[in-house]
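Take a look at the structure set out below.
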Amino acid sequence: MDSRFFSEYFSSLNNINETWWSNFKLENTAITSPLTQALNDLTLKDSQKLIEGTWSKPDSLTKIQMEWWESQMAIWQEVITYDKKTSPVIQPDEGDKRFLDPAWDNDAFYNCIKQSYLLLNNKIQQAINDIDGVDDKVKERLSFFSRQALNALSPTNFLMTNPELTRLTIEQDGVNLVNGLKLLEQDIESSADVLRIRMTNKEAFQVGKDLANTEGKVVFKNHLFELIQYKSLTAKVNITPLLIIPPFINKYYILDLREKNSMVRWLLQQGHAVFMISWRNPDASMKDIDFADYIIDGVIKATEVVEDITKAKKINAVGYCIGGTLLAASQAYMIAKRIRNRIKTATYFTTLLDFSQPGEIGAYINNEMISAIEQSNAQKGYMDGRSLSVTFSLLKENSLYWNYYVNNYLKGNNPIDFDLLYWNGDSTNVTEKCHSTLLRSLYLNNKLIDPKGLKINDVYLDLTKIKVPSYFISAQEDHLALWKSTYCGALNLSGKNTFVLGESGHIAGIVNHPDRQKYGYWTNDTISKTPESWFDKANHQTGSWWVHWNDWLKKQETAKPILANRFGSKNNPVLGNAPGVYVLQGLPIVQETI
């Protein structure tokens, strides 16, 4: 390798960093943002509380320090008298894929680095957990943010301390680093205030051609959404149409990816008349759009259009994630306003109704952080979807962020073409006012489960008044909507509830086509008072939960199938072909395309 290579490489890297830093300071974003300042202030306060806790009981910290020193000495002893047969002092957790290269075990130098790093992680987390007299919320934040920092500093993320990267760079004469620089520069240009690392090739798919290509028509459009009516794939369809309400923080086509994993196409094949809401990607002009608007001008309006087109008096409604929260809130609103109920059954995909345990996103849920987020959003009129996407990825930082950092920028590889990850990178903004309502009213104050908590217009939303049959599907490894929390939320509804727990996580646990035979699920027809007691008596089933859900929907039908509906109606004529216009708008927003 040319001796000048590294000097040129680090010079180029320095130039990119200087440009990025200058842009951030010019735009007054990441470093000086209210959120960064609030995070720094809160971390300082939390750290002070932890230090105060150690002063009150110094023995706990002394014990941890001694354990760390003894273990570190044992690791160094291993290096001096290295023997592959010797049992390591510490091993990576099961599922940690960072240290799979054989050199981490077989080379004394790298083995020492690995074990020393893992030991430091372990002892810092132990210190946070074991110190008495510190509030649990403070410990949760310290544990979360210290883990973030430690994983960012992992030896696997650096060229000189990762044996695989060192070997690869020598073998390729540094071509991997040159390629990685190009990818880094491109990603910086397409990022907002935080580096968003591409997870898949941005040119791999085209929405409407490769993805979201199930045949259908746009039959309604307003300032919030387009409504897609899909072409039936059976001569006759169930008399009750099915309306899907995706989250407005993501694009709908997670449920209509390629043919092999499209839920929409599969539902059509089962004889359902399927309609889909496609939310508009908000820009600054929509800053005052609130959660109430998504209820009234979104869900309720969509049910009216479906009724007009199909002439059905009732529909089966489906909500995914925050779309499910919106569905429950819409039902409660219709009940409170005495609007005729058009919902026959409600299905909730990984939906939180009770936000008391929101998972690791809870590290950001406190008054100081929310106030800072609101202040940042006020400058733009929305929460930038690119930043939101990075925040969600950093909840599982090793598998959804740093692995792509290493693969792209240090190995110089283009990520694989993966439809699900393409969707994940196709972000949407959230309006300023609605984002504030979600954070304050739902996540922080948990008002939705209080019958006198959340007021929309002049009425309170009381979930206990909802009595339609409901089907809840959650995912065992979901880190965004913990399944035990979704279970507790389901207990607030008064109808006959069915709860099903799928394997895998927030996305893969839902997008689980029966033909793939990949993930199973648990069922228990009896709803217990606690999720633990429900799970103890649940039965594991093989195959996709889609089949179980379809059987449940069939049991709700009392009439025979009817001839498939035509597209649109006199009041709601066809406006164009699916997937419509709203889903095609990417970030940053270009208002002229609407």
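- One N or O on the side chain of N408 and one on the backbone of R198 form a donor-acceptor pair closer than 3.5 Å.
- Within the model, atoms CG of L35 and CD1 of I370 stand 11.0 Å from one another, a figure rounded to the nearest 0.5 Å.
- Side-chain contact check for P92 versus W104: every heavy-atom pair is 4.5 Å or farther apart.
- Side-chain atoms of K518 and S504 include no donor-acceptor pair closer than 3.5 Å.
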Worksheet item: Given V264 and Y253, is the side chain to side chain contact (heavy atoms under 4.5 Å, CB included) satisfied, shown in steps?
Response: CA-CA 9 Å; V264 168; Y253 65 87; over 6 Å; no

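- Partner of R141 under the side-chain contact (heavy atoms from CB on, under 4.5 Å) criterion, out of I128, T43, L42: L42 alone.
- Taking the six-membered ring for Trp and thresholds of 30 and 60 degrees, Y405 and W402 have ring planes more than 60 degrees apart, a perpendicular arrangement.
- The main-chain N or O of K139 is never found under 3.5 Å from a side-chain atom of N129 such that the two would form a donor-acceptor pair.
- Closest approach of D187 to K202, counting heavy atoms only: OD1-NZ, 3.7 Å.
- Residue F145 is tested with D46, L39, L150 for a side-chain contact (heavy atoms from CB on, under 4.5 Å); the sole match is L39.
- Taking 4.5 Å as the limit, every side-chain heavy atom of V207 sits out of range of all side-chain heavy atoms of W423.
- Of the possible polar contacts, none joining the S262 side chain to the R258 backbone as a donor-acceptor pair under 3.5 Å is found.
- Using bins of under 30°, 30° to 60° and over 60° for the plane-to-plane angle, the ring pair Y117/F99 lands in the tilted bin.
- Counted by atom type alone, N121 and Q125 present zero donor-acceptor pairs between their side chains at under 3.5 Å.
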Fill in: salt bridge (Lys or Arg N to Asp or Glu O under 4.0 Å) between D256 and K251, worked out
CA-CA 10 Å; D256 186 29; K251 294 189 176 180; over 6 Å; no

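- Between W483 and A475, the shortest heavy-atom contact is CB-O, 3.7 Å.
- Counting all heavy atoms, side chain and backbone alike, P34 lies closest to A372 at O-CB, 3.3 Å.
- Atoms NE2 and CG, on H506 and D478 in that order, are 5.5 Å from each other to the nearest 0.5 Å.
- In this structure the side chain of Y382 never reaches within 4.5 angstrom of the side chain of I589, judged on heavy atoms.
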Worksheet item: Can I254 and V511 be said to form a side chain to side chain contact (heavy atoms under 4.5 Å, CB included), step by step?
Response: CA-CA 8 Å; I254 185 61; V511 184; 3.9 Å; yes

Discussion item. Please evaluate residues L224 and M286 with respect to the criterion side chain to side chain contact (heavy atoms under 4.5 Å, CB included), reporting the C-alpha separation (whole Å), side-chain torsions for both, the decisive distance (0.1 Å), and the verdict.
Written reply: CA-CA 9 Å; L224 279 186; M286 298 175 65; 3.9 Å; yes

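- Put simply, the side chain of N429 gets close to the backbone of G385: a donor and an acceptor are under 3.5 Å apart.
- Not one N or O on the side chain of N424 forms a donor-acceptor pair closer than 3.5 Å with the backbone of L420.
- For D93 and R98, the salt-bridge test fails: no basic side-chain N is under 4.0 Å from an acidic carboxylate O.
- Under the 3.5 Å distance criterion, the side-chain polar atoms of D210 are matched with a main-chain donor or acceptor of Q206.
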Practice prompt. Walk me through it: do F248 and C434 pass the test side chain to side chain contact (heavy atoms under 4.5 Å, CB included)?
Written response: CA-CA 10 Å; F248 48 76; C434 186; 3.6 Å; yes

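- In this structure, the side chains of R386 and P588 come closer than 4.5 Å at one or more pairs of heavy atoms.
- For the pair I244 and Y230, the minimum side-chain heavy-atom distance is 4.5 Å or more.
- Atom CG in L352 sits 8.5 Å away from atom OG in S474 (nearest 0.5 Å).
- No more than 12 heavy atoms of other residues, nucleotides or ligands lie within 6.0 Å of NZ in K287, so this atom counts as exposed by the packing criterion.
- Ring to ring, Y294 and W279 are close: their centroids are under 6.0 angstrom apart.
- Looking at N179, its side chain never comes within 3.5 Å of a backbone N or O of N176 through a donor-acceptor pair.
- No side-chain donor from either of Y320 and N250 sits under 3.5 Å from a side-chain acceptor of the other.
- N111 is not listed as a side-chain neighbour of V79, based on a closest heavy-atom distance of 4.5 Å or more.
- How far OG1 of T325 is from CZ of F291: 6.5 Å, rounded to the nearest 0.5 Å.
- To the nearest 0.5 Å, atom OH of residue Y364 and atom CD1 of residue I373 are 8.5 Å apart.
- Rounded to the nearest 0.5 angstrom, Q375 CD and S436 OG are separated by 12.5 Å.
- Judged by distance alone, with hydrogens and angles left aside, the side-chain atoms of T351 form a donor-acceptor pair with the main-chain N or O of F349 at under 3.5 Å.
- Between the side chain of S485 and the backbone N or O of Q357, at least one donor-acceptor pair lies under 3.5 Å.
- Aromatic ring pairs are classed by plane angle as parallel below 30°, tilted from 30° to 60° and perpendicular above 60°; the pair H548 and Y471 is tilted.
- Between W266 and P514 the shortest heavy-atom distance is NE1-CG, 3.7 Å.
- Looking only at distances, no side-chain donor or acceptor of N261 sits under 3.5 Å from a matching main-chain atom of H513.
- Looking at L120 and I124, their side chains come closer than 4.5 Å, going by heavy atoms from C-beta outward.
- The minimum heavy-atom distance linking R196 with S427 is given by the pair NH1-OG, 2.8 Å.
- The shortest heavy-atom contact between L243 and A302 is CD2-CB, 4.0 Å.
- Using a 4.5 Å heavy-atom cutoff, the side chains of L195 and Y401 are in contact.
- Salt bridge annotation for R147-E360: present, with a cationic side-chain nitrogen under 4.0 angstrom from a carboxylate oxygen.
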